[in-house]
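We use all heavy atoms of the structure for the numbers below, so side chains are in, but hydrogens, waters and symmetry mates are not. Proteins get letters first, then strands, A, B, ... in listed order; numbering begins at 1 in each.
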Amino acid sequence: MNILVAEDNAFTAAQYARALQGMGHRVTVSRDGEECVQAYERAHADASPFDVVLLDNNMPKRSGVEVAKDILDKNPTQRIIFASAYNLNTLLKSPGTIPKTVEVLEKPFSLSAMIRTIEA
Amino acid sequence: MFGKTGFKISGTVGIIILLLGITILFGSYQMSRVSQEIVMVSEAYEPLQGLLGEIKFYQTRQANSFEKMSADPTSDSAREEFWSSGVIIKSDIRQAKKIAETGYSVAPTDSVGNNFRLVHKMLADIEQEHNGFEEITKNQESGRLLPILISKEEQIQVRIDDALAQIERFNEEAISSIEEYERGWLYVQIGIIVIVGVISVFLKSFTNQINNGLKAEIEEKTRELQEANKRLQELDAKKDEFISIASHELKGPIQPIFGFAELAQSGYIDQKEAWDGVTTLAKKLQGLANDILEVTRIENNRLELRLQDFSINEIILETIKMQKVGLEKKITLGVSLGRDAIVHVDRTRIEQVLRNILANAIKFTETGAITISTRIEKDALFITIRDTGPGIPEEILPNIFDKFVTRNHAREDQPGNGLGLFLCKGIIDAHGGRITAHNNKEGGATFEFSIPLVKKTVESLANSV
């Protein structure tokens, strides 16, 4: 699978990449909201779209919710998974509500649980 | 305030009631006094007038009977009439004199007393004339005496009329003086009532004024309370936000700690890498926990300072030396120190402030120089840290010393947790100094803080213990 990860914690981002690559997936890591949207647009233009976007909500420049809205505007069927320390209720209350189709992984989660969710 | 106003109002009402009461009391007292005087005067003058009338009547009768006696010396009835008239006249005069004496002794004023004295004298004169008249009648040569007697009798009549007229005048005088007295008191009463009325009108405007004042005060207090309530709600919201962000930040490192453990277990990374990572994250957590505690201390004004005298230049040079050790970027750390000064500070805290600002400058400056300079102005020492980095984003510059304002502007792996500058401000405030930040025109940011140089004297220190 082709996976886009947006995570500003360097350790966590590296761990996601290590674990997913170990399972044979292709991983692109972005470190903030803006970088994430740029990477998504680039891939879209190159005709190599991502199967899954794994989003942290709490990121510099643009929040996960804002990025998700942007991506869904371009591609409403894009699969997005939120990986956040906020629970779902808090997320739904935050500005720019996210649609119900978005999946949520509540931090802290085990890397194997993340892989299971992504591969499901 | 309410009690005071109530006291004022009830006091004024009380004074008005008191004045009205005094007026009524005086009025009724006066009325009773006046009626007493009228009674006294009528008791004294009226019987006098009656007696004088009687005397006049019997005097005429005595003179007539004497004429009859002269015409017919054998008439017993004429003799008896003459004699009885004389007795009645004498007794009437005595009685009238007694009344005049009594009137004199109870007279309320000197002039009234003199009146009675005059009446008494007149009565005495009449008595004397009457005695003279009777004396003359004792001489039996009536034919010659008659004209003398007639003139004597006329004289007595004139005197009696005089006395009657005099008493009538006195009576009128007394009544008019009483009336005058009454009128005077009426004016006083009218005056008091008018004064009370004026006071009432004043009281009305006075209470109106008080009411308006109270109303304004209540409105102001309500507004103040509303503002205070709003401030409290804002503070509460801020506290909630702080707790929410702080707990989120504390949760942050937990995910990668689990991650390191899982990756090491499954053999994706080696044990050393995992332990190093976990140690780094634990340190980050420790730092954050400490900073949150410090924030709480500063917000509750419970920051304890261990103040001692230090050379400021030494503190600065020491801190820079430490920062240079771990410096990986190609930045120059320049120092331009002014005259050294002894500062009375908590050295650890001031070093924390310097370290924090320097670390921020190093974090954001890729190339160029960071310069620390000092200067002494008035009673304070100023320390300035200037960098050539990108400057502070305009949207966060006004709140740069608040908590977590840099949260969405820095990556999590960059040092700092969004509390550093808040702590710096808290520490500098606690030292009695000021901290400011601005962007340089030619790029980069400048932080400046001051430390007061006025040392506490031994006495003031002793007093403050």
Side-chain angles (χ1 to χ4, degrees), chain A residues 5-25 27 29-36 54-67 81-87 89-91 93-95 104-116, chain B residues 237 240-241 243-285 288 363-364 390 392-396 404-418:
Chain A
V5 169
E7 169 64 58
D8 72 327
N9 187 304
F11 291 119
T12 311
Q15 286 166 4
Y16 291 169
R18 198 77 72 89
L20 289 168
Q21 281 160 355
M23 298 303 291
H25 299 295
V27 179
V29 173
S30 53
R31 300 290 301 278
D32 59 51
E34 233 169 68
E35 222 181 288
C36 176
L54 186 67
L55 277 180
D56 178 24
N57 185 46
N58 191 26
M59 287 185 293
K61 291 175 186 170
R62 306 194 69 185
S63 77
V65 174
E66 287 170 325
V67 171
I81 300 172
F82 260 90
S84 175
Y86 288 118
N87 63 32
N89 283 335
T90 319
L91 270 182
K93 269 188 255 163
S94 57
V104 175
L105 268 172
E106 202 176 318
K107 277 181 181 175
F109 48 78
S110 71
L111 295 171
S112 51
M114 177 192 74
I115 290 166
R116 268 201 307 280
Chain B
D240 281 352
E241 197 196 350
I243 290 169
S244 153
I245 297 173
S247 56
H248 184 260
E249 294 295 309
L250 283 167
K251 251 169 135 182
I254 293 170
Q255 174 67 36
I257 286 172
F258 278 125
F260 276 124
E262 212 179 332
L263 288 172
Q265 266 172 356
S266 52
Y268 281 117
I269 57 171
D270 60 31
Q271 298 271 330
K272 193 189 174 298
E273 193 185 342
W275 286 127
D276 284 351
V278 168
T279 309
T280 308
L281 289 164
K283 275 185 184 160
K284 194 177 157 75
L285 265 179
L288 184 62
K363 179 161 76 179
F364 292 108
I392 304 158
E394 286 303 325
E395 67 268 26
I396 66 167
F404 296 128
V405 279
T406 54
R407 210 161 67 92
N408 289 323
H409 291 268
R411 287 175 175 163
E412 266 186 33
D413 55 326
Q414 284 176 327
N417 50 33

Proximal component of B/E273, with respect to chain A [non-hydrogen, under 4.5 Å]: side chain
Please flag which part of B/L281 lies under 4.5 Å from any non-hydrogen atom of chain A: side chain, backbone, both or neither. side chain
Distance from A/L54 atom CG to A/I81 atom CD1, nearest 0.5 Å? 6.0 Å
Tell me, please, which residues at least two apart from A/Y16 pass ring-ring contact (aromatic ring centres under 6.0 Å, His included). none
With a 4.5 angstrom heavy-atom cut-off, is it the side chain or the backbone of B/Y268 that approaches chain A, or both, or neither? both
Is the backbone N or O of B/L263 less than 3.5 Å from a side-chain atom of A/Q15, with the two atoms forming a donor-acceptor pair by type? no
If you count heavy-atom pairs within less than 4.5 Å of chain A, which of B/G259, B/A261, B/S266 leads? B/G259
Would you please name every residue forming a side-chain contact (heavy atoms from CB on, under 4.5 Å) with B/D276, sequence neighbours left out? B/K272
